[in-house]
Amino acid sequence: MPPPATLSASSSFTLLSPPPKLSSFLPKTHSFHSSTRYTPFTRLRHSPSSLTPRCAVIEKETPETEKPETFLREASSPTSVRARFEKMIREAQDTVCEAIAAADGVGTFKEDVWSRPGGGGGISRVLQDGAVWEKAGVNVSVVYGVMPPEAYRAAKGAATDQKPGPVPFFAAGISSVMHPKNPFAPTLHFNYRYFETDAPQDAPGAPRQWWFGGGTDLTPAYIFDEDVKHFHSVQKSACDKFDPSFYPRFKKWCDDYFYIKHRDERRGLGGIFFDDLNDHDQEMLLSFATECANSVVPAYVPIIEKRKDTPFTDDHKAWQQLRRGRYVEFNLVYDRGTTFGLKTGGRIESILVSLPLTARWEYDHKPEEGSEEWKLLDACIHPKEWV
């Protein structure tokens, strides 16, 4: 998911800042969250040409008591793509949180508002230990500044011919993971983001680049065909409104991205996933991202309402915990956003917000062939076409 500020499917945007003249940069992660200042290098006195890493100087984001009307600078136009994308993700955060809290009936979201001295801020909301939800987080952030080219390359997750030199950037997004308590109710992850870079300081006149990225995916412990078909049908419907090639293309991308190599299986039953998307009109892609974000509640909440009170046994719960273990493995080993944040000293609460409260590992566990557990595992090994 190449925009330097992307969460790859699970983590959070972690913004790092170099020393005064190098300003800040955004690594690629899953909820967008700014957090630290990072002093990357200091010269060795005995060898002027050598560089050695210096301990990161971590500075927490500034807590705020009230949500601002916008995290953009005052001069920003309300009709710009930046302003409209921020408006969209903040409205989506409100809508999703209202629906999740209503489905829970007991739990409430804890909200943290923060700002970043370098520019921007965000809103983090987490509901934990509710009646339905073990943990549900919905975060938004809008951050901007300057990033060095090594951050750009790391965030892109691919080779780039980017010239050396600080790169001005803007990144905004919404990211969420929801882990229900009932093993028959599936986990959901979604994130949608927008990213811009201006010309590097050593390449004046180069064109501004922009991307959209995101996706929504379902991770159940047990398969109910009608639930999975409903979920994928909503994703396909959102895609088909804009381009009939989107759903098959982004469905395969999702299956490929959430692949746990050391297990030879997928994390779940997929959905849609895309990144670096700029091959269509910008207005069209803004509308597409908005449609996808607005599809989260109708795709997911009806499944939760149907399954949240289903009776279950200790064995069902144990299997759910084993599948949660797979979720943890993917996020900590393969998710680009999570691993980058951990390696660069990002804000740990933001980076790990996607992880469940509980998980389980058993030695050499194999479900009995033909069992409901085996059917789930088989579908994770051999992705299916659900619609």
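Nothing fancy with the numbering, it's 1 onward along the sequence. Because only heavy atoms are used, hydrogens play no part in the values below, and waters and symmetry mates are left out as well, while side chains stay in.
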Trainee: When rounded to the nearest 0.5 angstrom, what is the spacing between CG in Leu127 and CZ in Phe109?
Mentor: 5.0 Å

Trainee: A quick test of your reading: do over 12 heavy atoms of other residues, nucleotides or ligands sit less than 6.0 Å from NZ of Lys308?
Mentor: yes

Trainee: Same cluster for Tyr257 and Phe231 if Ile/Leu/Val/Met/Phe/Trp/Tyr side chains link at under 4.5 Å?
Mentor: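 Same hydrophobic cluster.
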
Trainee: For the residue pair Glu368 and Trp374, what are the closest heavy atoms and their distance?
Mentor: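 Closest pair (atom of Glu368, atom of Trp374, distance): O-CB, 3.2 Å.
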
Trainee: Between the side chains of Asn331 and Ser354, is a donor N or O closer than 3.5 angstrom to an acceptor N or O?
Mentor: yes

Trainee: Quick check on side chain to side chain contact (heavy atoms under 4.5 Å, CB included): which of Val96, Thr216, Val301 does Leu188 satisfy it with?
Mentor: Thr216

Trainee: Can Lys317 and Asp315 be counted as an ion pair, charged N to O under 4.0 angstrom?
Mentor: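 No, Lys317 and Asp315 are not salt-bridged.
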
Trainee: Does a donor on one side chain and an acceptor on the other come within less than 3.5 Å for Glu64 and Ser115?
Mentor: yes

Trainee: Determine whether more than 12 heavy atoms belonging to other residues, nucleotides or ligands lie under 6.0 Å from atom CD of Glu69.
Mentor: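 12 or below, so no.
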
Trainee: May I have the step-by-step check of salt bridge (Lys or Arg N to Asp or Glu O under 4.0 Å) for Asp255 and Arg266, ending in yes or no?
Mentor: CA-CA 7 Å; Asp255 289 336; Arg266 278 76 188 167; 5.6 Å; no

Trainee: Do any side-chain atoms of residues 242-250 form donor-acceptor pairs under 3.5 angstrom with protein atoms, and if so which ones, sequence neighbours left out?
Mentor:
residue: Asp243; atom: OD1; partner: Ser245; partner atom: N; Å: 2.8
residue: Asp243; atom: OD1; partner: Ser245; partner atom: OG; Å: 2.8
residue: Asp243; atom: OD2; partner: His280; partner atom: NE2; Å: 3.2
residue: Tyr247; atom: OH; partner: His232; partner atom: ND1; Å: 2.8
residue: Arg249; atom: NH2; partner: Asp279; partner atom: OD2; Å: 3.3

Trainee: With a 4.0 Å cut-off on N to O distance, would you call Arg323 and Glu362 a salt bridge?
Mentor: no

Trainee: When you measure from the centre of the six-membered ring of Tyr327, is the NZ or CZ of Arg267 closer than 6.0 Å and no more than 45° off the axis?
Mentor: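 Checked: cation-pi criterion met.
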
Trainee: Quick one: hydrophobic cluster around Phe224, which other residues, with the 4.5 Å side-chain cut-off, linked directly or via members?
Mentor: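 Under the 4.5 Å side-chain rule, Phe224 groups with Phe184, Tyr222, Ile223, Val228, Leu269, Phe312, Trp319, Leu322, Leu376, Trp386.
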
Trainee: Roughly how far, to the nearest 0.5 Å, is the CZ atom of Phe195 from the CZ atom of Phe170?
Mentor: 10.0 Å

Trainee: Side chains of His316 and Thr313 only: does a donor on one sit below 3.5 Å from an acceptor on the other?
Mentor: yes

Trainee: Is the shortest side-chain N to carboxylate O distance from Glu372 to Lys375 below 4.0 Å?
Mentor: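 Judged by the 4.0 Å cut-off on N to carboxylate O distance, Glu372 and Lys375 do form a salt bridge.
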
Trainee: Could you pull out every donor-acceptor pair under 3.5 Å between side chains of residues 284-291 and any protein atom, sequence neighbours left out?
Mentor:
residue: Ser287; atom: OG; partner: Glu283; partner atom: O; Å: 3.2
residue: Thr290; atom: OG1; partner: Leu286; partner atom: O; Å: 2.8
residue: Glu291; atom: OE2; partner: Lys241; partner atom: NZ; Å: 2.7

Trainee: For the residue pair Val387 and Lys236, what are the closest heavy atoms and their distance?
Mentor: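 The answer is CG2-CD, 3.7 Å.
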
Trainee: Hey, are Asp227 and Lys229 close enough for a salt bridge, meaning a charged N less than 4.0 Å from a carboxylate O?
Mentor: no

Trainee: Can you tell whether the side chains of Lys135 and Asp129 come within less than 4.0 Å, N to carboxylate O?
Mentor: no

Trainee: State, without any angle test, whether Trp361 and Glu329 hold a side-chain donor-acceptor pair at a distance under 3.5 Å.
Mentor: yes

Trainee: Where do Pro186 and Pro180 come nearest, in terms of heavy atoms and distance?
Mentor: O-CG, 3.2 Å

Trainee: Between Arg82 and Ser76, is there a donor-acceptor pair closer than 3.5 Å when you use the side chain of the first and the backbone of the second?
Mentor: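 Between the backbone of Ser76 and the side chain of Arg82 there is no qualifying donor-acceptor contact (under 3.5 Å).
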
Trainee: Classify the side-chain pair Thr70/Glu86 by whether it contains a donor and acceptor separated by less than 3.5 Å.
Mentor: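 Yes, a side-chain donor-acceptor pair sits under 3.5 Å.
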
Trainee: Can you see whether Tyr300 engages Glu305 through a side-chain donor-acceptor pair at a distance of less than 3.5 angstrom?
Mentor: no

Trainee: We want to know whether Asp264 and Tyr259 form a side-chain donor-acceptor pair, criterion being a heavy-atom distance below 3.5 angstrom.
Mentor: yes

Trainee: Any luck finding a side-chain donor-acceptor pair between Gln235 and Ser295 under 3.5 Å?
Mentor: no

Trainee: Would you mind checking if Arg125 and Asp94 are paired as a salt bridge, meaning a charged N to carboxylate O distance below 4.0 Å?
Mentor: yes

Trainee: In terms of heavy-atom contacts, does CG of Asp314 have more than 12 from other residues, nucleotides or ligands at under 6.0 Å?
Mentor: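 Counting other residues, nucleotides and ligands, CG of Asp314 stays at 12 neighbours or fewer.
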
Trainee: Do His262 and Tyr334 have ring centroids that are under 6.0 Å from one another?
Mentor: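 Ring centroids of Tyr334 and His262 are less than 6.0 Å from each other.
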
Trainee: Using a distance-only test with no angle check, is there a side-chain donor-acceptor pair under 3.5 angstrom linking Trp210 and Asn278?
Mentor: no

Trainee: Out of curiosity, Thr219 OG1 to Met178 CE, how far, rounded to the nearest 0.5 Å?
Mentor: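 Between atom OG1 of Thr219 and atom CE of Met178 there are 12.5 Å.
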
